[in-house]
Amino acid sequence: MLKGDRMTLKSVKTCVSIGLMTLFSGVSHAAADLTLYVVDYPPHIFAADKDNVSGLDVEVVKQAFAVMGVSVDTQVMPWNRIVKLMQHGQIAGTIACSRRDYREQYMLFSDPISYVEPIALSKQSLEVGEFKDLQALKNFRVTTVEGWGMQTQLVQAKIPHRTAPDIESAIRAVQFRDVDILYMARYPALYYAKQMQLGQEVKVTSFQQDNALALHLCLSKDYPGAKSLKETFNQGLRAIKRQGDYNDLLDQYLSMQ
Amino acid sequence: MKLGHRIAYKQAKIILLSAFLLGGLSALVQLSIDLKLVRANFVSDIERSVNVYVPSLQGAIYNLDSEQVQSIAKALTKDPLFLSVTVYDDFGDRMSVMRRDTKEQASIFDSLGFAALNLPEIYEYPIEIRSGLNHSSARLVLQLDARYMSHGLVQRALTLIWLGLISTLLLSIVLFAIFYRVLSKPIQHIARWVESLDQQQGALVLPYSKQDELGLLTRNVADIWRKKDVANQQVRSLAYYDPLTELVNRRMFIERLEATLEQQSASQSIGAVMYLDVDRFKSINDSLGHGIGDQLLIIIAARLRQVLPDFVTLARFGGDEFVVLIPDLSHDLELATQAATALAAQLIEAVAEPIKIERNLIHCSTSMGITTFPQQPDSSSDVLRRADTALYRVKAEGRNGYQLYDDTMQQQTQERWQIEEALHEAIAKEQLELWWQPQVSTRNDITGAEVLLRWRHPQKGMIPPDEFISIAEESGQIHHIEEWVIEASLKQLEQWLAAGLPATFKHLAINISPAHFMQADFVQRILPIIERYNIAGVKLEFEITENLLIDNFHQASSTMATLQQHHISFAIDDFGTGYSSLRYLNQLPLNILKIDRSFIQRMEDSAAELAIVDVILLTAKKLGLEVIAEGVETAHQQQLLEARGCQLYQGFYFAKPQHHEDFYRLLTRQNGRLEPEQ
């Protein structure tokens, strides 16, 4: 990035920051310009420890707003409550929710900050070829985490599968048991494989059919300045993408290198 | 007695009402206490149940976890206290409605019981949600199960009521039985006993003998009843018996007489009634005192009773009057009459026996009227009237005897009654007249006059005094008549004195009836009359009979002394025909003796009569009394008397009684001198 660009961006960030601070001074969290509410959704959001919320999406949002001069705080709250508070316009919004038709009524969706893309995790040594769609899994021994949305998809597609109590167990099952494929979303699969330091032992295979689900910063339509906030965020997101900060974060959480 | 009037019934009613009232109040108190306890327990249970679920509910609501909220609500509805549970989140949206399925509906009693608990049917609890954003609260709304909450209470209340009713009823029955046995039944027995007291004969048998109030009541009633019996006997005795002689009285006698008359109308037998009284009983009573008189009556009653057969009723009608009822003498009138008169003679004889009472020996006689019965038509009053009429006849004829009633007596009685009635009007109609008979001295001077009363009856003509004076005495008219005589005489004399009277005329004699003279107020009534007239120079002289003096010596003496102080002198009329006691001649303030005409008329032919005249003249001379000879009808009689010192005469020889105009002419014709009629 050029110095002049940096200066221009800095000027813009300063202006936006001042404007947002002025705009949200009455409603934002006491310690930050903006408070967003989250639930635990690894690796997008780690909120098991309420005082130490982190995660890919949280980092993306904070950095996007940060480049726009808006400081963001996060609070952990049950999902239903977050949704209802947004319906009533009592909170600004939440990080990482997918777009649904019914949510359109009371939510504004930012540009996608991450995606939930079904993948098949397998041993490096297993030759799986290409997966056209979910039916391709019928030829493999499949597992997934009990109760997660991925299992629902398998059930709906009538794909025989086993379940594991958590994702780590499921990865171990692929690694050490007679399970060929873990049907899982890309980010959690990669995140936990990385955490388990299985960079060379497993691989991830996408499905040809694009069925990735985008996750957005969701803002309450009734929350004051929501639209402006959305634009600010989108602007900041584009900035960090441009600046490579976004990819850095992806690597930080997902790269097995 | 009607059931509603019985004490036992009233007691039962009062006991039942009181027991129900007290039982009801007791049940109400118990119910009230139970209500408070139950209410407090329910409130506590509700709070406890709610508090158990509130923390989890707070979390579920915070998470807006409808399933969990639903689950908690369901769990709450398991609690029988809550019929339905509704949960609203802190946004006011309803998260859960849970209602327990129940087929049991609350009865009217349950509803009443729940209302009595005074608990709200809907309980609403605020549930604080700490979201960090606002302070609104969620709400837990509980609908209480009225049937469950009140059911036990209602059951207990109903049990309490039923048990109360049954126990009250049993208590009432037990108390009623006790009261009935202890109180009502004895009272009923006592009441029936009191009711039947009238029919009980002999000694009273008490129906209740316990030593309590009823026993006391029973004994008191028995005492009162015994006293009543005694009093009844006394009343009967007083009503039917004479307390002095213990003979039956007039009432009982009449009842028996009427009963006898009724029986005899069928039996045709003849009975008799004797009406008798004791001659001169009043004199005996007055002179010897009532105590002696009463004893005399008792003895006479006993003697009469002794003579009479048992079937004869002897009654005392009062005073000295005794009446005898002989119910059955004979079927033949003549035989019955003979038997009655024979019995009467025995009775007279029994009474005539001298009676010794204390120191007094009393000689009594009796007069008796007898009648037989029945005489158709007849009644008790008819029978008694006939006997009384016969008695009157005996008395009129001198007492001491008996008379059998005959119809002429009734006729005479009738005539007497007619005279008595006519006498009432005689003065007012000026039918009474004064006739004057001169009293003459040896020199044929008219020294005075005796006033004689005549009654000029419009139908019967001139009636002499001896035919109506006795009737006037008995009917109580004598004082009117004699007062009129005195007043008319004095008035006439005053007129003559004013017109001029011969100097020889010195006294005016007026006859005074014993019945009149012995009246207590005689002096008080007479003196004002005398004082109204001025008859100076003429002495007023009252002629009284000697029998009067004998019968009422003390009173007569006192009256005479009083009147003598007012210049009234006294002459003894008909002297010598009565008792002629020398004692009263000496002790009484007498002035004149009038020798009875019977001596004068017989003295020419009888030396004994002449001797009596001599004695009278001598006695008078010795006592300093004047003597007037009555009934002098011949010159020989006058000469005999004059020869024996009698200086005053009265009789037809000198002049008959004359009307006042004639007498005044006679008096003034020769200035008081009178030549005897030849």
Side-chain angles (χ1 to χ4, degrees), chain A residues 24-41 45 47-53 72-95 97 100 102-103 105-107 147 149 152 218-226 229, chain B residues 49-79 82 84-99 122-143:
Chain A
F24 305 118
S25 60
V27 293
S28 60
H29 195 269
D33 298 330
L34 180 64
T35 300
L36 295 173
Y37 293 84
V38 297
V39 296
D40 189 37
Y41 187 37
I45 301 164
D49 181 1
K50 288 184 179 177
D51 297 328
N52 193 16
V53 176
V72 172
D73 186 22
T74 54
Q75 293 286 319
V76 179
M77 190 175 275
W79 177 247
N80 288 341
R81 176 158 292 274
I82 291 169
V83 171
K84 195 140 194 175
L85 284 168
M86 289 178 69
Q87 285 173 344
H88 287 81
Q90 292 182 11
I91 58 174
T94 185
I95 297 173
C97 72
R100 298 281 193 273
Y102 63 84
R103 291 177 179 165
Q105 296 173 8
Y106 56 90
M107 283 188 184
T152 307
C218 300
L219 296 170
S220 169
K221 277 186 175 176
D222 291 337
Y223 191 78
L229 200 58
Chain B
S49 293
V50 169
N51 289 336
V52 165
Y53 289 102
V54 160
S56 54
L57 201 56
Q58 274 179 320
I61 294 172
Y62 179 74
N63 292 329
L64 295 177
D65 187 342
S66 295
E67 285 185 9
Q68 192 181 359
V69 168
Q70 190 80 355
S71 173
I72 293 169
K74 191 174 181 180
L76 273 170
T77 54
K78 301 282 186 192
D79 191 325
F82 309 122
S84 72
V85 177
T86 307
V87 181
Y88 294 89
D89 64 20
D90 49 330
F91 299 95
D93 296 330
R94 191 171 65 193
M95 293 186 72
S96 170
V97 178
M98 190 59 69
R99 185 178 178 86
I122 303 295
Y123 260 75
E124 186 172 313
Y125 284 89
I127 297 175
E128 191 178 353
I129 303 299
R130 298 180 182 279
S131 68
L133 293 173
N134 51 42
H135 298 289
S136 59
S137 297
R139 287 183 297 140
L140 170 62
V141 179
L142 301 166
Q143 183 187 7

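Below, chains carry the letters A, B, ... as their sequence lines are ordered, and counting in each starts from 1.
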- For the student: nearest non-hydrogen atoms of Asn80(A) and Asn63(B), plus distance: CB-O, 3.3 Å

- Message: Using only non-hydrogen atoms and a strict under-4.5 angstrom cutoff, which residues of residues 54-62 of chain B touch chain A?
- Response: Ile61(B), Tyr62(B)

- Query: With Arg139(B), which residues qualify under salt bridge (charged side-chain N to carboxylate O under 4.0 Å, His left out), at least two apart?
  - Reply: Glu124(B)

- Message: A side-chain contact here means heavy atoms from C-beta on lying under 4.5 Å apart; do Phe91(B) and Leu85(A) qualify?
- Response: yes

- Message: Using heavy-atom distances under 4.5 Å, tell me whether Ile82(A) contacts chain B through its side chain, its backbone, both, or neither.
- Response: neither

- What residue pairs, at least two apart or across chains, pass salt bridge (charged side-chain N to carboxylate O under 4.0 Å, His left out) with a residue in residues 82-94 of chain A? Lys84(A)-Asp89(B), Lys84(A)-Asp93(B)

- Query: For Thr86(B), what residues pass the side chain to side chain contact (heavy atoms under 4.5 Å, CB included) criterion, not counting sequence neighbours?
  - Reply: Tyr88(B), Arg94(B), Val97(B), Val141(B)

- Is the closest side-chain heavy-atom distance between Asp65(B) and Arg81(A) below 4.5 Å? no

